[in-house]
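Letters go in sequence order (proteins before strands), and every chain restarts at 1. Note that the structure is a prediction, hence the values are computed from the model and not measured.
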Amino acid sequence: MSSSPNNSVVSPEKIAFLHRNINAWFRAHARDLPWRAADRSGWSVMVSEFMLQQTHVKRVLPVWETWMERWPTPADLAAVDSSEAVRAWGRLGYPRRALRLHAAAQAIVEKHNGEVPSSYEELLALPGVGSYTAAAISVFAFGNRATVVDTNIRRVFGRTVRGLALPGKSLTAAEMRLAESLMPDDLEESVVWNAATMELGALICTAKSPRCEECPVSSGCAWIAAGKPEADYVPTGQAWAGTDRQLRGAMMAVLREATGPLPAELLTSGGRVDFAFPQEVAAAVQKLQKLNSPAEQLQRCFAGLLADGLAKQDDAGRVSL
DNA sequence: AAGGCGTGGTG
DNA sequence: TCACCAAGCCT
């Protein structure tokens, strides 16, 4: 057992201060989200967690509603083709999440008798479920005691405890140990704590312009005490224009709008393509062609979609989700 | 283990 | 307006 200089040892008094104030704040200010309702299920929480990976609540809400209405249990989703899941995913982004959620539903049917497992280890074994999502489902759906660490929680602890404007680019073992050391011993308090610290990071202790005036622990915040120093690194912006991601997104939009198989040339040709399709497909194709991507990039991205299972090609070479 | 992977709300 | 970046996961 070695100790690094980065290890933050927090006094019992400060931990109690954080527990008391953040949990009280949450009990007064928690958003009324449907996946937090009393009638939530393991599945409803699981669907929300998949959709919330790198996507804000506001955009998730309507898709989650229609998803849960259509597929109220894992078995309902597992019974349809994965392309249905990808289309229903709509414009949420990262459509491979839809594929993984579908695969996870099938695994739940096959290995867990159709019931979402409650243990961290069993959840972690499901497709698309990593350490964050496994802990989140175990805690928020089943009320277990597990340490949830997401980007919000990392930022809250980074500021209040470590005095940093922003946590590092990737989660470290020391950070994970710190989060565990801050967990309330009491089961019910620990469940609230996980949700409360995340909510504080999402609503108050935000990345860009935190609302410290409204923060319940500003009086004990190490970052404020240090004079709000700048982050010691500059986050590198995410490139977009001209990237494969943009092109893949445009191709996926075409496939989502299509009601049947499409000529592959519609996706892989950089030039004009004669076609007579519904307005929506035509518009999506126009956007794709407007990118004016080189043929080599079109081919690469198209092959990527096929390899990822997001698109399928029939014997005649026609493409669909 | 660093980098790929969508999309759009927001300051 | 237009960068920024968000309840990560996987390889």
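- Residue A/Arg91 is the one, among A/Arg91 and A/Arg211, whose nearest nucleotide of DNA chain B lies closer to the 5' end (criterion: closest heavy atom).
- Following rounding to the nearest Å, A/Met251 (CE) and B/dG6 (P) show an atom-to-atom distance of 12 Å.
- One C1' atom belongs to C/dG8, the other to B/dA1, and the distance between them is 15 Å to the nearest Å.
- In terms of heavy atoms, A/Trp35 sits closest to A/Val45 at O-CG2, 3.8 Å.
- Residue A/Ser170 is out of contact with every strand shown, counting any heavy-atom pair closer than 4.0 Å.
- At least one donor-acceptor pair closer than 3.5 Å links the side chain of A/Arg154 to the backbone N or O of A/Ser170.
- A pairwise comparison of heavy atoms in A/Trp193 and A/Leu18 identifies CZ3-O, 3.6 Å as the closest pair.
- A nucleotide of DNA chain C counts as in contact with chain A when one of its atoms lies under 4.0 Å from a heavy atom; the first and last such, 5' to 3', are C/dC4 to C/dC10.
- Across all strands shown, A/Arg31 has heavy atoms under 4.0 Å from base atoms, whether or not it also approaches the sugar-phosphate.
- Look at A/Lys58 and you'll find a side-chain N or O under 4.0 angstrom from OP1 or OP2 of B/dT10.
- Placement of A/Val139 and A/Leu124 in two distinct hydrophobic clusters is found when ILVMFWY residues are connected by side-chain heavy-atom separations under 4.5 Å, directly or transitively.
- Note that CD of A/Gln289 is 10.0 Å distant from CG of A/Leu267, once rounded to the nearest 0.5 Å.
- Heavy atoms of A/Thr151 sit under 4.0 angstrom from primed sugar atoms or phosphate atoms, though from no base atom.
- In this structure, A/Lys287 does not pair ionically with A/Glu257, as no charged nitrogen and carboxylate oxygen lie closer than 4.0 Å.
- Nucleotides B/dC5 and C/dC5 have their C1' atoms positioned 14 Å apart, rounded to a whole Å.
- Atom name P, nucleotides C/dC9 and B/dG8: the rounded distance is 22 Å, in whole Å.
- Nucleotides B/dG11 and C/dA7, compared at atom P, are 13 Å apart to the nearest Å.
- With hydrogens and angles left out, the side-chain atoms of A/Arg40 and A/Ser48 include no donor and acceptor closer than 3.5 Å.
- Side-chain contact between A/Gln297 and A/Arg300 is present, with at least one heavy-atom pair separated by less than 4.5 Å.
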Find every protein N or O atom lying less than 3.5 Å from an N or O atom of nucleotides 3-5 of chain B, and list the pairs.
{"residue": "B/dC5", "atom": "N3", "partner": "A/Tyr94", "partner atom": "OH", "Å": "3.4"}

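- Nearest heavy atom pair, residue A/Arg91 against residue A/Arg59, reads O-NH2, 2.9 Å.
- A/Val60 comes within 4.0 angstrom of nothing in the nucleic acid, heavy atoms only.
- No contact: A/Ala136 has no heavy atom under 4.0 Å from any strand.
- Here the P atom of nucleotide B/dG9 and the CE atom of A/Met51 are 16 Å apart, to the nearest Å.
- Among the protein residues, A/Leu99 comes within range of no part of the nucleic acid, since none of its heavy atoms lies under 4.0 Å from any strand.
- When heavy atoms are screened at a 4.0 angstrom cut-off, A/Leu92 is found touching base atoms of the nucleic acid.
- Residue-level contact check: A/Trp89 touches neither bases nor backbone, having no heavy atom under 4.0 Å from any strand.
- C/dC4 and B/dG6: their C1' atoms are spaced 15 Å apart (whole Å).
- Residue-to-nucleotide proximity on DNA chain C shows that, of A/Glu199 and A/Leu126, the 5′-proximal contact is made by A/Glu199.
- If A/Thr55 and A/Lys208 are placed on DNA chain B by their nearest nucleotide, the residue sitting closer to the 5' end is A/Thr55.
- At least one side-chain heavy atom of A/Leu101 sits under 4.5 Å from a side-chain heavy atom of A/Trp67.
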